[in-house]
Asker: 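What follows is a single structure, and I will ask about it in a moment.
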Amino acid sequence: MNRKFLIPTMAAIMLSSANSAPAAAQNDALAPAEGPCEMELSVDNSVDWRGPYGRGYEVFGNDESFETVNISVRKEGQPCDFFLTATANGAGGQASLEGPDSRLSFDVLKTTNGPSFLSSDLFGSQLSRIEGKFGSGRGGYSGALFVSIPTGQFVRGGKFTGQALIRLFRDGVNGPELVSEAPLAILAPVASVLEVRSDLFPEGVRETGIDLGDLSVASRRNVDFEISSNADISLTFQSANNGKLAHNAGGPGIVYNLMLRGEQLDLAGQPATHQLAYSGNNQSQSVPLEISVPAPHGLPAAGQYNDTLTVTFTAE
């Protein structure tokens, strides 16, 4: 069985939804149709991505989540047709958020089931556009869009930002006419997380015992960890007896050695530390520990010997 440690951040989330399927424009039939059709676009100017648990985007998460964007159009004057569309402002026109050293793909959807509201075409497509008609006088359209960041993207922890540009067009006999455009900024914090697995630590178990056997001869045991993380990792090793196996009746202790990936750690005094750099992918890193007791000079005192070694993994 495996064991996981998660180190998440961020706060709680409240999601709301609204129907943004084909625009149902509302009109005030009592208002006189004076002058040409005039329209005004209003859009939430930013979205903070909270994720399903309020911790931002989680690279190990599989739960889909959406953030709602409110959009509206106000209209006065003569009857007219309109449509709304959007393009992404990422590098190369891609729908991506820029982070510390990578990108996070996103989408803006017309409903939580799609289709996408984004298009590489300035005028959008028949599938991506939101279209509607206004009658005479005052009218309005209001709806909701849904920002999605698909699961399964493995990126380094940090802040990711990007933008989409939403446009309002008047659609007449002479073709589409751009009326207004509004930027939609998207901020997605990505939590620094890690997963730690070891066969010696079944799910939910945080401590175990290791029997070093007969200490009158040389002894050696191995403890293997597998670590996955989207951040640099700090490992700290602290011995309750400063690197010695203490005798249960107060006799002389026995020094033991701790090796990490072939490097000996000094457990005397301050906690020993070791750094693992971010791997850049979702592949786990092996962290083999070797605990060894050299052959003694003479026979050690009879009895039980023990130490408590605390290993702490931290995503930075």
Asker: Side chains of Ser128 and Thr85: does their closest heavy-atom pair fall under 4.5 Å?
Answerer: yes
Asker: Checking the side chain of Arg156 only, and the main-chain atoms of Gly99 only, is there a donor and an acceptor separated by less than 3.5 Å?
Answerer: no
Asker: Are Glu64 and Thr112 packed together at the side-chain level, in the sense that at least one heavy-atom pair is separated by less than 4.5 angstrom?
Answerer: no
Asker: When you look at CD of Gln275, are more than 12 heavy atoms from neighbouring residues, nucleotides or ligands closer to it than 6.0 Å?
Answerer: yes
Asker: Flag the pair Thr312 / Phe237 as yes when at least one side-chain heavy-atom distance between them is below 4.5 Å, and no otherwise.
Answerer: no
Asker: Test your reading of the model: is there a side-chain donor-acceptor pair from Asp232 to the backbone of Ala315, 3.5 Å cut-off?
Answerer: no
Asker: I would like to know whether Thr236 and Val311 meet side-chain contact (heavy atoms from CB on, under 4.5 Å); could you show each step before the answer?
Answerer: CA-CA 6 Å; Thr236 303; Val311 184; over 6 Å; no
Asker: With under 30° as parallel and over 60° as perpendicular, where do the rings of Phe154 and Phe60 fit, or are they tilted in between?
Answerer: tilted
Asker: What about the rings of Phe225 and Phe313, do their centers lie closer together than 6.0 Å?
Answerer: yes
Asker: Any non-hydrogen side-chain atom of Arg197 less than 4.5 Å from a side-chain atom of Glu195?
Answerer: yes
Asker: Any luck finding a side-chain donor-acceptor pair between Asp107 and Ser148 under 3.5 Å?
Answerer: no
Asker: When clusters are formed by joining ILVMFWY residues with side-chain heavy atoms under 4.5 Å apart, either directly or through shared neighbours, do Leu260 and Ile291 land in the same one?
Answerer: yes
Asker: When rounded to the nearest 0.5 angstrom, what distance separates OH in Tyr53 from OG in Ser65?
Answerer: 9.5 Å
Asker: Hey, could you give me the CG/CZ distance between Leu184 and Phe117, rounded to the nearest 0.5 Å?
Answerer: 10.0 Å
Asker: Over all heavy atoms of both residues, which pair between Asp171 and Pro176 is shortest? Give the atoms and the distance, please.
Answerer: OD1-N, 4.0 Å
Asker: Assess, by modelled atom type and distance only, whether the side chains of Asn248 and Gln304 contain a donor and an acceptor separated by less than 3.5 Å.
Answerer: no
Asker: Gln283 and Ser228: which non-hydrogen atoms are nearest, and at how many Å?
Answerer: C-OG, 4.5 Å
Asker: Go through it in stages, so that I can follow the logic: the residues are Leu168 and Met39, the test is side-chain contact (heavy atoms from CB on, under 4.5 Å), and I'd like the CA-CA distance, side-chain angles, deciding distance and then a yes or no.
Answerer: CA-CA 9 Å; Leu168 169 64; Met39 292 183 287; 3.8 Å; yes
Asker: Given Val108, which partner from the list Ile166, Leu118, Thr87, Val47 fulfils the side chain to side chain contact (heavy atoms under 4.5 Å, CB included) test?
Answerer: Leu118
Asker: Would you confirm whether Asn241, through its side chain, and Gly243, through its main-chain N or O, come within 3.5 Å as a donor-acceptor pair?
Answerer: no
Asker: Between Glu131 and Arg129, does a salt bridge (Lys or Arg N to Asp or Glu O under 4.0 Å) hold up when you go through it step by step?
Answerer: CA-CA 6 Å; Glu131 301 174 320; Arg129 287 195 298 256; 3.1 Å; yes
Asker: Looking only at non-hydrogen atoms, find the nearest pair between Val255 and Val293 and report the distance.
Answerer: O-CG1, 4.2 Å
Asker: Mind checking the OH-OG spacing from Tyr278 to Ser229? Nearest 0.5 Å is all I need.
Answerer: 8.5 Å
Asker: Same cluster for Phe83 and Leu178 if Ile/Leu/Val/Met/Phe/Trp/Tyr side chains link at under 4.5 Å?
Answerer: yes
Asker: So, do Ser72 and Ser42 sit near enough that their side-chain heavy atoms are less than 4.5 Å apart?
Answerer: yes
Asker: State whether Glu76 and Arg74 are salt-bridged, where the test is any N-O pair (Lys NZ or Arg NE/NH1/NH2 against Asp/Glu carboxylate O) under 4.0 Å.
Answerer: no
Asker: Using the rule that Ile, Leu, Val, Met, Phe, Trp and Tyr join whenever any side-chain heavy atoms are under 4.5 Å apart, tell me whether Val287 and Ile210 fall into a single cluster.
Answerer: yes
Asker: Between Lys75 and Gln78, is there a donor-acceptor pair closer than 3.5 Å when you use the side chain of the first and the backbone of the second?
Answerer: yes
Asker: Would you confirm whether Glu58, through its side chain, and Arg55, through its main-chain N or O, come within 3.5 Å as a donor-acceptor pair?
Answerer: no
Asker: For Arg261, is the CZ atom crowded, meaning more than 12 foreign heavy atoms sit under 6.0 Å from it?
Answerer: yes
Asker: How long is the span from the CG atom in Asn242 to the NZ atom in Lys244, to the nearest 0.5 Å?
Answerer: 8.5 Å
Asker: Which atoms form the tightest heavy-atom contact between Ser102 and Phe160, and what is the distance?
Answerer: O-CE2, 3.4 Å
Asker: Could you check if a side-chain atom of Ile71 sits within less than 4.5 angstrom of a side-chain atom of Leu41, using non-hydrogen atoms only?
Answerer: yes
Asker: Determine, step by step, whether Glu67 and Arg50 satisfy the salt bridge (Lys or Arg N to Asp or Glu O under 4.0 Å) criterion, reporting the C-alpha distance in whole Å, the side-chain angles of both residues, the deciding distance to 0.1 Å, and the verdict.
Answerer: CA-CA 8 Å; Glu67 298 291 348; Arg50 302 294 185 185; 5.8 Å; no
Asker: Going only through I, L, V, M, F, W and Y residues with side-chain contacts under 4.5 Å, is there a path from Phe106 to Leu145?
Answerer: yes
Asker: How far does OG1 of Thr273 sit from CG of Leu235, to the nearest 0.5 angstrom?
Answerer: 9.0 Å
Asker: Check whether any side-chain N or O of Asp307 sits under 3.5 Å from a backbone N or O of Tyr256 as a donor-acceptor pair, and report yes or no.
Answerer: no
Asker: Any side-chain heavy atom of Leu267 sitting closer than 4.5 Å to one from Leu258?
Answerer: yes
Asker: Report the C-alpha distance between His274 and Glu263 in whole Å, list the side-chain angles of each, state the deciding distance to 0.1 Å, and finish with yes or no for side-chain contact (heavy atoms from CB on, under 4.5 Å).
Answerer: CA-CA 10 Å; His274 186 86; Glu263 175 188 339; 3.3 Å; yes
Asker: For Lys110 and Ser116: C-alpha separation, side-chain torsions, deciding distance, then whether side-chain contact (heavy atoms from CB on, under 4.5 Å) applies.
Answerer: CA-CA 6 Å; Lys110 292 167 66 175; Ser116 177; over 6 Å; no
Asker: Would you say the side-chain atoms of His247 pair up with the backbone N or O of Ala302, donor to acceptor, closer than 3.5 Å?
Answerer: yes
Asker: Can you find a heavy atom in the side chain of Asn45 that is under 4.5 Å from one in the side chain of Val43?
Answerer: no
Asker: Between atom CD of Glu40 and atom OG of Ser180, what is the distance when rounded to the nearest 0.5 Å?
Answerer: 7.5 Å
Asker: Report, as yes or no, whether the 6.0 Å neighbourhood of atom CG on Asn174 holds more than 12 heavy atoms from other residues, nucleotides or ligands.
Answerer: no
Asker: For Gly152 versus Tyr57, what's the shortest heavy-atom pair and its separation?
Answerer: N-OH, 3.4 Å
Asker: With a 3.5 Å distance limit and no angle check, can you tell me whether Asp44 reaches the backbone of Ser46 through a side-chain donor-acceptor pair?
Answerer: no
Asker: Parallel, tilted or perpendicular, judged at 30° and 60°: which one describes the rings of Phe146 and Phe66?
Answerer: perpendicular
Asker: Closest heavy-atom contact between Ser192 and Asn230?
Answerer: CA-OD1, 3.5 Å
Asker: When you measure from the side chain of Ser198 to the backbone of Asp224, do you find a donor-acceptor pair of N or O atoms at a distance under 3.5 Å?
Answerer: yes
Asker: Is a side-chain N or O of Asp211 found less than 3.5 angstrom from the main chain of Gly213, in a donor-acceptor match?
Answerer: yes
Asker: Leu289 and Met259: same hydrophobic cluster, using ILVMFWY side-chain contacts below 4.5 Å?
Answerer: no
Asker: Would you verify whether the NZ or CZ of Arg170 falls within 45 degrees of the ring axis of Phe82 while also being under 6.0 Å from that six-membered ring's centre?
Answerer: no
